[in-house]
Amino acid sequence: MKGTVTLIGAGPGEPELLTVKALRKLKEADVVFYDRLVNPNLLNFCKEGCELIDVGKKPNHHPIPQGEIEQLMIAKANEAQKIVRLKSGDPYVFGRGGEEGISLRQQGIDFEVIPGVTSAIGGLAYAGIPITHRDFASSFHVVTGHLKSKDSELDWQMLAKMEGTLVFLMGMSELETITNHLLENGKDAKTPVGIVQWATRKEQRTVTGTLANIYEVATEAGMSSPSLIVMGGVVSLRDELKFIEERPLFGKSVGMPYTHQKVMYHQLIDQGATVHEFSKPVEVSYLAETNKSYNAEGRILFTNPTSIDYFVKQMIQEEKDWRYFSQTLFLTVGHHTEKRLNEQGILPTERYATIEEFLSETSDNLLADTQVIGSKEMTEVFDGLDKKVPNIWTTHEERLLHLDEASWQEPDILFFPNSKGAKLFINELNPRELTDLADKKIVVMGSITGQVFEAQGIPVIYTAEKTLASVIEKIIKEVNK
Ligand code: SAH
C-alpha cells in the first residue's frame, strides 16, 4: 500500500507557531522532508527511527531541484506509510505546494495539506504591523517580488492604485525596481513602507521609511533576504504594536538539552529568546551487569526512569519479583524517576530532587549501603565526584546521536539544568570542540552539573539559587553584558 504525504505549513520560523494538527502529524511521521527555512527544533518532535531528509541543500550547497524533491517524495511514498513535507509559512503561499500536490496525485499518491501561518501575515504581526486595520486598509494583496520570469510580469498600474496593504515576498533583490515601478505608476511617495527580515526568529530586524526612500534606508541597514516588504498606512502602527522586540531576551538565543518537560523552554521564549534544543537523547545499548547481585536488605537508589525498566527486566530474568525486595528501601532522584517507580506500585522511601541533595543528606555509612542504579552518563557523573559512591550499577547508555554543531555553537549562551544533560553533551564533543566550548558562556544549575564542565577545564556560571527564576535572571544579565 502506498503511503500518504502530508504537506505541512511550518510557519515563519518560531517553532511554536506550528498548528496542533501539524504537530501530531510530525510526531507520527516515518519520513520527514525539510529545508533551511524550517526551524530544526521541530525535528525533535519526530519519533525515534523517523528518517529525516534535508532537501535544502546538496553536499555542494546547491538546493535540490524541485522536480527531484517531488521524485524523492514519490519514491518514499512507495516505501513508507507517513511522509511529511515541512514547508515554511503556508504551503500554498508561494511555496510550490500546489505543484507538489498535483504531481503526487498524478502518481496515485494520497496527499493532504495542513495550512500554516504565512510570513505574509504572521511575520508582519511579529514586527507590530497588522495586515489590515479599519483606519488604514480594508484589503491586502500578497505579491511575488520574483520578477525574473516572464510569466510573473506584474500589472504595476493596477498595483499602484490598490488601496489595501501591499506585501511583497521574495522581493529583496528587486526592491529598487519594485519601488520605481510603483512611483512611476502614481503611488504616493509618502506611503509608509516596512522591511521585516527573518520575522519571528532571533535575527528579526525591521526598518521603515517611505516608498520614496525605503530602498536607500534598507540598503544602508544592510537588509537582505528573506524579508517581507510591506506598504501602506498599517506600517505606521508598528511603534504602538510591536511587542517581541521589547522583551529582555529578544535577539538572543539559548542552547539547552532537549527536555520533555518544557517549563524552562517556554519561560525563555516568553522572555523573547530563541531556544535551540540539542537533539533528543537516544538509548544506544543495554549494559546490564548481570553478575551483580542485589543486596535485598539494603538501599537502592534509581537515578532515572529507564533504569527502573531495566531493573525490572533483570529481576524477572532472574525469576524474582518485587516480593524478593520486601526489605529493600527504594530511593529516587527526580520527579520522573519517582513517577516510574509509582507505576510499578512502589513508593520510594526517600525522594531527592537532585543528586546533590541525595549526597548531602546521605552519610558515608549509608552511602556504603546504597546501590546506585543509573544510566552510563549518570554513573560517570558519580565517578567524577570527590565523594565516592561505592556501589554503582550501570543499566544502559544514552547518546545524542544527532548533535548538530550549530545547535551549541550559534547560541549566545548555553544552559544546563542537570548533570545528565551536561554529561550527554560533553560526551559527544571532540577535543577541538571542547576547546571551542571553553569560550562559550555556560549557565548551570547546581555544582555537580558545573563539575562536569570544570573537570574538562571549562568554566561555568552558577545561578544564585536553584530556581528557574534565578536562571532567567542570570541569563538576561549575562547575554546583555
Ligand atoms: N510559504 C511561505 C513563503 C515562501 S516564499 C510563507 O507562507 O511564508 C519565501 C519568501 O517568504 C521569502 O523570500 C520571504 O520574502 C518570505 N519569508 C518567509 N519566511 C520569512 C521570515 N521568517 N521573515 C521574512 N520573510 C519571510
Side-chain angles (χ1 to χ4, degrees), residues 6-19 22 33-42 55-57 63-64 66 69 84-101 113-131 140-149 151-152 154 165-179 193-208 214-215 218 221-231 234-235 238 242 244-245 250-251 253 269 272 274 276:
T6 306
L7 300 183
I8 289 182
E14 147 73 281
E16 282 194 304
L17 294 177
L18 198 71
T19 64
F33 290 86
Y34 66 100
D35 55 48
R36 81 173 180 116
L37 276 177
V38 168
N39 192 310
N41 280 11
L42 290 179
V55 289
K57 57 175 187 275
I64 298 184
Q66 183 65 21
I69 296 177
V84 156
R85 163 77 159 123
L86 280 173
K87 299 187 77 80
S88 83
D90 181 274
Y92 283 170
V93 179
F94 304 126
R96 295 187 151 204
E99 281 131 285
E100 289 178 15
V113 180
I114 301 177
V117 174
T118 177
S119 63
I121 300 176
L124 293 184
Y126 261 60
I129 302 170
I131 197 155
F140 60 83
H141 314 276
V142 178
V143 186
T144 174
H146 208 290
L147 308 175
K148 299 268 153 59
S149 87
D151 320 333
S152 53
L154 295 173
T165 307
L166 285 185
V167 184
F168 288 87
L169 300 192
M170 301 181 282
M172 283 313 275
S173 54
E174 301 288 339
L175 181 60
E176 191 176 22
T177 318
I178 293 170
T179 51
V193 180
I195 311 271
V196 186
Q197 186 177 14
W198 285 119
T200 81
R201 305 203 183 204
K202 168 189 152 141
E203 301 84 357
Q204 177 175 322
R205 224 154 52 100
T206 306
V207 297
T208 53
I214 194 69
Y215 175 66
M223 303 296 279
S224 60
S225 189
S227 290
L228 304 153
I229 305 168
V230 51
M231 305 179 177
V234 290
V235 174
R238 174 174 145 72
K242 64 180 182 205
I244 195 88
E245 292 148 75
F250 170 72
S253 55
I269 286 180
T274 303
H276 293 256

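Atoms within a ligand are numbered from 1 in the order they appear, just like the ligands themselves. Keep in mind that the numbers below use all heavy atoms, side chains included, and drop hydrogens, waters and symmetry copies. We number each residue from 1, following the sequence as shown.
- How far CD1 of I69 is from CD1 of I64: 6.0 Å, rounded to the nearest 0.5 Å.
- The side chain to side chain contact (heavy atoms under 4.5 Å, CB included) with V193 is formed by just one residue from the set V230, I229, V235; it is I229.
- The structure places OG of S225 at 10.0 Å from CG of L169, a figure rounded to the nearest 0.5 Å.
- Protein neighbours of ligand 1 below 4.0 Å, counting non-hydrogen atoms: P12, S88, G89, D90, V93, F94, T118, S119, L169, M170, V196, W198, A199, P226, S227, L228.
- Distance CG/L18 to CG/N41: 11.5 Å, rounded to 0.5 Å.
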Original post:
Where do V234 and I131 land on the side-chain contact (heavy atoms from CB on, under 4.5 Å) test, with the steps shown first?
Top reply: CA-CA 7 Å; V234 290; I131 197 155; over 6 Å; no
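- Pairs of residues two or more places apart, or lying in two chains, never qualify as side-chain hydrogen bond (donor to acceptor under 3.5 Å, both in side chains) while including a residue from residues 120-129.
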